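Heads up, the thing below is written out as structure tokens.
A note on names: the letters A, B, ... follow the listed sequences, proteins ahead of strands, and every chain is numbered from 1. It should be emphasised that the depicted structure is a prediction, and the values quoted were computed from it without experimental measurement.
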Amino acid sequence: MDDGQILTQVRDIIADVLDQPDLQINAGTTAAEVEGWDSFNHINIVVAMERHFGIKVNTAEIEDLRNVGELVALVSRKLKESR
Amino acid sequence: MRLADLYWLPATGDIAERIRQLRADRTLRWSDLVALANCRLDFVQTNQLDKALQRWPVEAGPISRLKLALLSSSTVNHLLPGCRVAALRRNFYLQTFVGDYAMYLADLQDEGSALHQYGPDVLLCAFHAQHLIGNPDPALSPREADALLEQAVDRIVQVWRLIRQRFHAQVIQQTVLPVRSLIVGSNEHRLRGSCTTLIERLNLRLRDLADEHGVDILALDRVASDDGLRTWHDPVLWHRAKQEISPAAAPAYGDLVARLIAAQRGRSAKCLVLDLDNTIWGGVIGDDGLEGIKLGQGSALGEAYVDFQQYVSQLARRGVILAVCSKNDSETARLPFERHPEMVLKCEQIACFVANWSDKAQNVRHIAAQLNIGIDSLVFVDDNPFERNIVRRELPSVAVPELPEDPAHYARCLADAGYFEALHITADDLERGAQYRANLAREQLRASETDVRGYLSNLDMELRWQPFDRVGLLRIVQLINKTNQFNLTTRRYTESEVASLMADEHALTLQLRLADRFGDNGIIGIVIGKVEGDSIRLDTWLMSCRVLGRQVEEETLNVVVGEAQRLGACRLIGEYRPTDKNRMVSEHYRKLGFELAEETQDGTSLWTMPVRDFSPHETFIRQIRSA
């Protein structure tokens, strides 16, 4: 899976969690720019991503993920490691 | 197969789309919401459905509404949609309340607190390990460890007492999750100050004490050990957000809570309807014959079916009614029950046996009618997805689990789905199988008697009545809270409320049992009357539908009038409050000779009858006052 595909899926997950089907985001979008992406939903997004991609996000990593590009990079790295 | 995944609910691919459509619709239909809640939902979908549910105009409908308050020591807000949707799954509307973080003691004590204003019907105590026992020194002496344990127990019991004193509510205590890592290993129990040791002991104590305090246990520890603790608790999220339970497990957590709430209100399933071929034995009896079906020793598959039958048999033993619904010729279907040496289930255990070639939805309806129970108290188990879908489509209120492929997992599936969740096991539960079989024998007698009067007089019936007492208390509370159909007012009372009625001089309480030549039916009727001036107002009158059509209503009235005369009352006031389930008794008081006194817009009616010149109804029942 390339980063573009991951981005599409990450977008879908965030849209589902935030309940905004038409959400527009790109790699540079930060949490602060998206309505509803608070710390409560941040956890939901991470957990939903873990389930979707079959990965596990570490304690150290969970704090940092505040922009979409970082989420995509993390998923991409984890998927490669697990291969 | 993890309980956390709600794997017994049918998965549909388009669930997100359906939820979206529902929310786009102008008019929200309750049945659509319930239908979606009965699909397999992950936590994101659960949250989405919950948002749709929040649009439901609560005040409008006749949907039963309950208020849940969570008293917790960790973050629980993420669990609330799961609770609400799980309640929706069971056809009731749940409101939720969470107090300030770990402020529950103050909230309980302060009568002006938001918790008191909220007035919950259910209080759920969810405390985490560290909150209760802190970080103990592992090297504690046995005596110190005991003291620490008792301290934690006392704290919880104090909470229960406060609740009991201030609220008439169901109390649910969640057992403590053993989240700490082992310090010793398999023999951890030898280290008295180990967190894991202390939590295990604490959970045991909670179970013991819950009974005497009238508290229901939510066995989170057991679920986590079955499912894998990591499914339920993620230490990363604990450190990040103080979520003791992972959001991913929230839908299942909610389901566990809703089961207990439903069980308390008599909304657990009562009857297991079983398919036969490839459900309780391997193969098709009509094709493979008695020697060809797989059952018992000799094949792994055959043993798996025996194992499932044993589980079903145990369910029956504790009060679940069994029925058979099979596409077969009747004689062929019965053959294994009568002739196969490895069959665990016997014909006598099956309260209603239906084997024919008509469609299963129709047969399931017939079973509910025969057994005189609501269609929503049935669980339909069939290995065939086609039959499952027909029953789901035709009878959406029947629970139809997605069975796993392998019969080795059937029992686990029924257990995980929690259809038959029960809070108390009464002597009547243990007798139920026999009672339904006796009913069948009565039916056969009825078929052989051409006239009803002859049938009734032959039954040799005896109505044994007495005021409420401690012995009958559990069963009385159970009946009050689960009887829906023959229930004039559907007022629900907790154990402590019933206990206080027993002590009340202005209350008339009756528990009635019916015995006949086929056996004792147990407690089948409850009447609560309240003295108001020169009248007795019948606050509650309910009866088990098992004894319908046997003149029990008339004979019960004879008893009630006798008691009213003894208390010096001039008249009885009967009350009927309509619900979506009790239409069958709307004319109850008219039939018994009461006169309509008043009818309000919501359909509630009041009926009166003088007791002075009452001439008792003639019945074929002898009445006897028990000790």
(message) Please tell me whether Y253(B) and H78(B) form a close aromatic pair, meaning their ring centres lie under 6.0 Å apart.
(response) no

(message) Does the plane of the ring in H131(B) sit parallel, tilted or perpendicular to the ring in Y104(B)? Use 30° and 60° as the thresholds.
(response) perpendicular

(message) If we ignore hydrogens and angles and just use 3.5 Å, is the side chain of E17(B) paired with the main-chain N or O of D14(B) as donor and acceptor?
(response) no

(request) Answer with side chain, backbone, both or neither: which region of H42(A) has an atom nearer than 4.5 Å to a non-hydrogen atom of chain B? (result) side chain

(message) Taking atom CD as the centre, does Q24(A) end up with more than 12 heavy-atom neighbours from other residues, nucleotides or ligands that are less than 6.0 angstrom away?
(response) no

(message) Can you tell whether the side chains of R55(B) and D25(B) come within less than 4.0 Å, N to carboxylate O?
(response) no

(message) Is Q243(B) in contact with chain A via its backbone, its side chain, both, or neither, using a 4.5 Å heavy-atom distance?
(response) side chain

(request) Please state whether the side chain, the backbone, both or neither of V46(A) comes within less than 4.5 Å of a heavy atom of chain B. (result) neither

(message) Under a 4.5 Å cutoff for heavy-atom pairs, which residue among V17(A), N44(A), I13(A) has the most contacts with chain B?
(response) N44(A)

(request) Please look at I45(A) and chain B and tell me whether the side chain, the backbone, both or neither of the residue comes under 4.5 angstrom of a heavy atom of that chain. (result) neither

